[in-house]
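Only heavy atoms go into these numbers, but all of them, side chains included; no hydrogens, no water, no symmetry mates. Note that ligands are numbered from 1 as they come in the structure, with each ligand's atoms numbered from 1 the same way.
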Amino acid sequence: VTAGTFEKRGQVALVTVDNPPVNAVSGAVRTFIAKSLSDTLADPRLGAVVLACAGRTFMAGADIAELGTGVAGPSFAELIRLLDAFPLPVVAAIHGTALGGGLELALACHFRIAIKGARIGLPEVKLGIIPGAQGTQRLPRLLGVARALDMITSGEPIDVEAAGRVIDRVVSEDLVGSALAFARTLVRSGAQPRSVRDISISRSDYDPGLFEDARQKAQRSGHFARLRAIDAVEAAATLPFDMGVRRELDLIGECFRHPQSKALRHLFFAERQAGRVPGLPAGASPRRVERVGIVGAGTMGVGIAMSLANAGLPVTLLDTSEEALDRAMAAIASTYVGSVQRGRLGAAEAAARQARVKRANDMGSLADCDLVIEAAFEAMEVKRAIFGALDAVIRPGAILTTNTSYLSVDAIAAATGRPGDVLGLHFFAPANVMRLCEVVRGSQTSADALLTAVQLARRIGKAPVVAGDSPGFIGNRMIQAYGREAALLLLEGALPEQVDAALTGFGMAMGVFRMHDMSGLDIGYRARRNRPPGSSDARIGLVPDRLVEAGRLGLKSRCGYYEYDEGSREPRPSSFTRDLILAASAELGMKRRSIDDAEIIDRCLLALVNEGFALLREGNAYRSGDIDTVYVNGYGFPATLGGPMFWAEHMVGLDRVVQRMREFANAVGDRWWQPDPLLVDRAAPGKRTAHAVA
Ligand code: T1G
């Protein structure tokens, strides 16, 4: 397999890596580059090298699938040494996103030319590791210690125009031609290779408290690799180059061995795998989507509209209420103004995005849309009426989707004559920020419609996960089990602040009761009244129902489980809630007991995992990695633990999970503690759920 081309352009060797789709630096790529360098030396007419890449981007890092598998070919360290010590000037030509090991190879070159709009980054911490090819030692020498520290610990890329001395020249066109011309001037002028390693860093170059401050911040996240990245950059600032390189190698080794790295690499592939739909007929292909309509200018409709506009798609936002449309357009305007003020967006780009959202109050305006997203009131009769009307107006072949979070997609599709073109696109609030999008497949949804929805979700930067049309789809169905156990724990002896502290101590972004207060206790109140009798444990509604009946709806009424000062979102434990819980326990004859955090964590999270196995067994979720993608991107599960299914299998162990469930069955009854048959099967020695990183 050739990994690129080697050409002689006059006195310059043009080495072009070609390893689609992102020129990941595989063993074959490293072998190709090493051979190209030796071929260059074999021809005395050649006086310089340009290292470029074909396709859409410069090398985007080591081949993650190869990490830790020790494949053939020269190591990164050998290749870095070859480049760094090469006797002729080597010029890197950067386009797209030069990331990770790709950027590190460029930093081992002697000069770097980039095309306008290109970006550079060291995202390794997002995989639970650190740059391991001298990036932590070279970047600070070019970009400065403080900026390099920020870039390496955040993993976020920067524009080449803002990359200071890292990039020698930014060109607006003809990158390779410009790099070849630059190389020729080096040959003509007899310029010698200059190595980044020779740039020294003095202690006066950065704030002495820089590293301690960074550690304080990173400590709170419990992110192992982020802390090691700080150590590596500190080594660059305080040790001779070669000692710093050795320190970096020790630190990346620690990261590799840490479970967080396996978890984060699992999530990297799980998220990409989740967009794949197994078992579709050959030839199924997505339809073109150039115009999108949204029905409902409420909070969700506004967030979805901005997600689409941000991705360059024109959007028509429909509502029958002019006031709702006024509020929506004002909310969109103020969001973009905010982004410009915070420096997140240029003013011109913000204006262009805002201009893509048009308002309308008659459904005829949507007639030529390729896809429509209904984001109206969460009631079946409302949605069926809207879909019936859309079906009569929207052109044939267009796809009709609903943003419902609970209601049956099949029942909504039945209101149309085109059930094959109907599916769910379940966004999460705030829809312009949250990346998760559940793509809910109705029983008649066609393969084309499904692929179109997944492709659109990816196009607008979402993490799509295909879910079956069972109540609650994937996320909300599982959260019910999690919330059930939390509610029962209150009746058995815990208080909201203890449960929430245990869950946030585990790593959840927010405790379950604070989350209920944020979303509003009236939502659960209504949902419990729509549920078929016996489908859930009546006890779990006792406390929240009484809170709602006491007018305590959560944050919006400044009291729910917790109390909130005027203008504050900080929850304060409430004696009213405590008394109400104690009274409920007594009324139910439940003798309160002290409950430890370990039980709280296991009761809530293993209930989540058990429901996840039920979804897999039913076929309502395709892969365990899909479920992890849902929970990390939509429900605040810590990415460093890989998602609930990865955590259960690789950090707890499925045999231990089953054992804990049996303990709970003995302690509190087995109504909810029957391990799912698929879980029991996979807990057997030697069995594994799909898509777990080795
Ligand atoms: N290795 C292997 N495959 C990769 C890959 C990589 N580095 N990056 C992307 N892919 C695959 C991905 O799985 C998908 O495959 C396809 O490419 C398109 O990706 C020594 C050790 C580059 C910004 O962390 O951030 O270098 O699903 O859907 O949205 O210090 O991919 O099509 O089969 O994401 O346009 C550091 C990770 C590695 C970069 C493009 N580098 N990649 O985004 O496409 S560690 C990274 C990305 C390292 C050194 C260390 C993004 C992208 P498939 P995609 P995209």
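Defined by atom type and a distance below 3.5 Å, a donor-acceptor pair is present between the side-chain atoms of E248 and T136. Looking at Y336 and N310, their side chains do bring a donor and an acceptor atom within 3.5 Å of each other. In the model, R276 has a side-chain atom that pairs as donor or acceptor with a side-chain atom of Q273 under 3.5 Å. The closest side-chain donor-acceptor pair between R265 and S261 falls under 3.5 angstrom.
Shortest non-hydrogen contact noted between L280 and A447 is CD2-CB, 3.8 Å.
Closest to atom 8 (N) of ligand 1, if we only count protein heavy atoms, is V22 CG2, 3.6 Å. At the top of the distance list for atom 35 (O) of ligand 1, counting protein heavy atoms only, stands R56 NH1, 2.8 Å. Shortest contact from atom 37 (C) of ligand 1 to any protein heavy atom: F268 CE1, 3.5 Å. The nearest protein atom to atom 50 (C) of ligand 1, hydrogens excluded, is given as E124 OE2, 3.4 Å; this is a heavy-atom distance. Counting only heavy atoms of the protein, atom 51 (C) of ligand 1 lies nearest to R272 NH2, 4.1 Å. Here the heavy atom of the protein found nearest to atom 49 (C) of ligand 1 is E104 OE1, 3.2 Å. When hydrogens are left out, the protein atom nearest atom 15 (O) of ligand 1 is R276 NH2, 4.6 Å; that is the closest non-hydrogen contact.
Interface atoms of ligand 1 facing L127, defined by a heavy-atom separation under 4.0 Å, are 24 (O), 38 (C), 45 (S). For ligand 1 and G101, the ligand atoms under 4.0 Å from any heavy atom of the residue are 26 (O), 48 (C), 49 (C).
In this comparison of A62, S26, A24, the heavy atom closest to atom 7 (N) of ligand 1 sits on A62. Of the options I64, L105, I252, T97, the smallest heavy-atom separation from atom 1 (N) of ligand 1 is shown by I64.
With F224 as the aromatic partner, R228 meets the cation-pi criteria of under 6.0 angstrom to the ring centre and within 45 degrees of the ring axis.
In terms of polar-atom proximity, defined here as any N/O pair under 3.5 Å, L67 makes no such contact with ligand 1. For a threshold of 3.5 Å applied to N or O pairs, the pair formed by G132 and ligand 1 contains at least one separation below that value. In terms of polar-atom proximity, G61 is not counted as a contact of ligand 1, lacking any N or O under 3.5 Å from an N or O of the ligand.
Using a non-hydrogen distance threshold of 4.0 Å, P21 registers as a contact of ligand 1.
A salt bridge between D168 and R194 is present, with a side-chain N of the basic residue lying under 4.0 Å from a carboxylate O of the acidic one.
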